Structure formats: structure tokens, C-alpha cells
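Contents: one structure, followed by commentary.
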Amino acid sequence: YVAVGKSGKIFISTDASQGSWSAAPVNPENGGNRLRSVTFGNELFVAVGNNGTILNSEDGETWIKQQGNTGVNYDLNKVEFLNGNFLVLGQKKVLTSTTGANGSWTTVDTGANGILRSATFSNSLNKYVVVGDLGTIITSANLTAWTPSQVYSPSGETIEDNILDVSIGNGNLLIAVAEGGKLLKTSD
């Protein structure tokens, strides 16, 4: 298990029980940029954070700060491993990589109108779904071309609340949560 947070801290545990957590022994970001998210895929942990910070580790104990992502100096909010791809969300851009390795990232400007916060993948729809601020919902089948979707209230008004998270279940039912206690749902 790996947890990340304030001041670049990384904690690891073999069973996530109380008292089992310890600081990662090799962490080049310790005391540095806030880390906001961590995931695991393709036998690699990837963590992201403020000021374009991307770290990776094969064992959770020894972390390497990636340097090959020039031009990324904005906060990275979320990293996910979905459908064989790493997705990093930040500002209005998505960074993608099949390996998560240093220098392997491709940056795509999605044209979104708000900061991106969460992502999921629908196997039945063969689509990535990303949500974010100002009512942002965008979809893509190839991680290159992104299509925006409008969100409407039951009375037909456009919803522009910050959408914080999205998940899929029960076939292809997508549920998103937004500020103000709003729940959004769609099957397509």
C-alpha cells in the first residue's frame, strides 16, 4: 500500500494496518511539492503533485523523480491506470503514457473549461470519461480527441458546479458527484 500527501511525503505499508505505515526510504520529493494522487499499473507505482511533479517506483520504497516532462509546471491533480494507460489530470490537460516511465508522457490539451479532477473508463462504451470544475465532462475513445458533454438539471438548466469524482458500475451506469451534494448519472 502507498499513500502520498503534503510536503511530498510518501508512506508505505504491507497490510495497511494501524501502526504498519512508514516513510518511503528513498523519496527525492520529501519536504518538497505536495503529492496529490498515486496509482499502480504495469508493475509501476506513479505519484503526481504540484508544479508538474511525477514520481515512479517499482517497489514503493525507492522513488525516482521524473525529469523528462518539460513544459509541465502546473499542478497535477490525479493519476489513474485505466485500460492499460496511465492518465494524469491537471489544469485542462491530460498526460498519457502506456508505461508511466520518465519521458514517456504525451500531453493533450482537452479544450475543457475547468480544472480536471477524476477519470474512469467504460469497457462497454469503450470511452474514457473525465470530469472537473465548472461542469466539465469530457469523453475520448483514443486519449487524443476529447468531446465535451453538457450537464443539465431536471428543469433543463446547465449545471456548472465543480464535478469532483466519477465512477462506473452496474454495466455502463456512470455516476458523478459534484459540489453542493449533486449526483449526476448517465448510461452513455
Side-chain angles (χ1 to χ4, degrees), residues 4 33-42 44 46-56 66-153 157-169 172-180 182-188:
V4 299
N33 289 297
R34 166 177 240 132
L35 297 175
R36 296 176 171 268
S37 182
V38 63
T39 195
F40 182 80
N42 279 353
L44 192 71
V46 175
V48 300
N50 289 2
N51 298 310
T53 301
I54 300 177
L55 303 167
N56 66 276
Q66 296 191 10
Q67 303 297 327
N69 306 303
T70 57
V72 178
N73 57 4
Y74 45 83
D75 294 347
L76 302 174
N77 301 314
K78 185 79 169 170
V79 59
E80 295 277 4
F81 185 74
L82 300 168
N83 194 38
N85 292 285
F86 287 96
L87 275 72
V88 175
L89 309 178
Q91 301 289 353
K92 300 173 185 185
K93 296 178 176 148
V94 173
L95 283 69
T96 63
S97 171
T98 55
T99 66
N102 189 31
S104 69
W105 299 92
T106 300
T107 303
V108 177
D109 189 339
T110 64
N113 59 347
I115 293 173
L116 304 176
R117 301 283 179 194
S118 182
T120 193
F121 181 79
S122 169
N123 286 320
S124 60
L125 300 172
N126 194 34
K127 283 184 188 178
Y128 295 89
V129 179
V130 173
V131 299
D133 292 358
L134 304 172
T136 297
I137 297 181
I138 54 176
T139 61
S140 178
N142 60 15
L143 296 175
T144 304
W146 291 88
T147 303
S149 296
Q150 292 294 319
V151 182
Y152 298 101
S153 71
E157 300 166 348
T158 303
I159 293 179
E160 294 183 358
D161 295 289
N162 295 337
I163 304 173
L164 306 173
D165 203 0
V166 63
S167 186
I168 187 163
N172 59 345
L173 179 63
L174 287 147
I175 301 287
V177 293
E179 287 181 347
K182 291 186 174 74
L183 290 171
L184 313 170
K185 69 176 185 169
T186 184
S187 59
D188 64 1

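Along the sequence shown, the residues carry numbers beginning at 1. Only heavy atoms go into these numbers, but all of them, side chains included; no hydrogens, no water, no symmetry mates. Quantities reported herein were computed from a predicted structural model and do not represent experimental measurements.
The backbone N or O of Lys93 sits nowhere less than 3.5 Å from a side-chain atom of Thr110 that would complete a donor-acceptor pair. Judged purely by atom type and a 3.5 angstrom limit, Glu160 has no side-chain atom pairing as donor or acceptor with the backbone of Val151. Under a 3.5 Å cut-off, the side chain of Asn51 and the backbone N or O of Asn33 do not form any donor-acceptor pair. A donor-acceptor pair under 3.5 Å is absent between the side-chain atoms of Asn42 and the main chain of Thr99, judged by distance alone. Between the Asp133 side chain and the Thr136 main chain, no donor and acceptor come within less than 3.5 Å of each other. Asn56 contributes no side-chain N or O that, together with a main-chain N or O of Ala101, makes up a donor-acceptor pair within less than 3.5 Å.
One finds the CD1 atom of Ile115 at 6.5 Å from the CG atom of Asn77 (value rounded to the nearest 0.5 Å). The distance from atom CD1 of Ile137 to atom CD1 of Ile159, rounded to the nearest 0.5 Å, is 8.5 Å. Atom CG of Leu174 is separated from atom OG1 of Thr186 by 6.5 Å, given to the nearest 0.5 angstrom. Atom CG of Leu184 and atom CD1 of Ile175 lie 8.5 Å apart (nearest 0.5 Å). We find the OG1-CG distance between Thr120 and Asn83 to be 10.5 Å, quoted to the nearest 0.5 Å. Note that the CD1 atom of Ile54 and the CG atom of Asn102 stand 8.5 Å from one another [nearest 0.5 Å].
Within the structure, ring pair (Phe, Tyr, Trp, His ring centres under 6.0 Å) pairs that include any residue of residues 83-102 comprise Phe81-Phe86 (at least two apart or interchain). Pairs passing the ring pair (Phe, Tyr, Trp, His ring centres under 6.0 Å) check and including a residue from residues 131-152, sequence neighbours excluded, do not occur.
Scanning both residues, Asn172 and Ser124, for their nearest heavy atoms gives CB-OG, 3.0 Å. The shortest non-hydrogen separation linking Arg36 to Asp75 is NH2-OD2, 3.9 Å. Summarising the geometry of Ser37 relative to Val79, their closest heavy-atom pair is OG-N, 3.1 Å, with the distance given to 0.1 Å. The two residues Ser140 and Ala145 have their closest heavy-atom pair at OG-O, 2.8 Å. Contact record, Ala119 with Val130: CB-CG2, 3.9 Å, taken as the closest heavy-atom pair.
You'll find the side chain of Leu55 reaches within 4.5 Å of the side chain of Leu35, heavy atoms only. For the pair Leu95 and Thr106, the minimum side-chain heavy-atom distance is 4.5 Å or more. The shortest side-chain heavy-atom distance between Phe40 and Val46 does not fall under the 4.5 Å cut-off. Side-chain contact between Val94 and Leu89 is present, with at least one heavy-atom pair separated by less than 4.5 Å. Side-chain contact between Trp105 and Gln66: present, with at least one pair of heavy atoms (C-beta onward) separated by less than 4.5 Å. The closest side-chain heavy-atom distance from Thr107 to Val72 is below 4.5 Å.
Asn162 pairs in a side-chain hydrogen bond (donor to acceptor under 3.5 Å, both in side chains) with only one of the listed residues (Glu179, Lys182, Arg117), which is Glu179.
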Step-by-step side chain to side chain contact (heavy atoms under 4.5 Å, CB included) determination, Val131 to Asp165: CA-CA 7 Å; Val131 299; Asp165 203 0; 5.7 Å; no
Check against side chain to side chain contact (heavy atoms under 4.5 Å, CB included), Leu173 and Lys185: CA-CA 7 Å; Leu173 179 63; Lys185 69 176 185 169; 4.3 Å; yes
Trace of the side chain to side chain donor-acceptor pair (under 3.5 Å) decision for Asn85 with Tyr128: CA-CA 11 Å; Asn85 292 285; Tyr128 295 89; 2.8 Å; yes
Candidate pair Leu116 and Ile138, rule side chain to side chain contact (heavy atoms under 4.5 Å, CB included), full reasoning: CA-CA 9 Å; Leu116 304 176; Ile138 54 176; 4.2 Å; yes
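Ion pairing of Asp109 with Lys92 is absent here, as no side-chain N (NZ or NE/NH1/NH2) approaches a carboxylate O to less than 4.0 Å.
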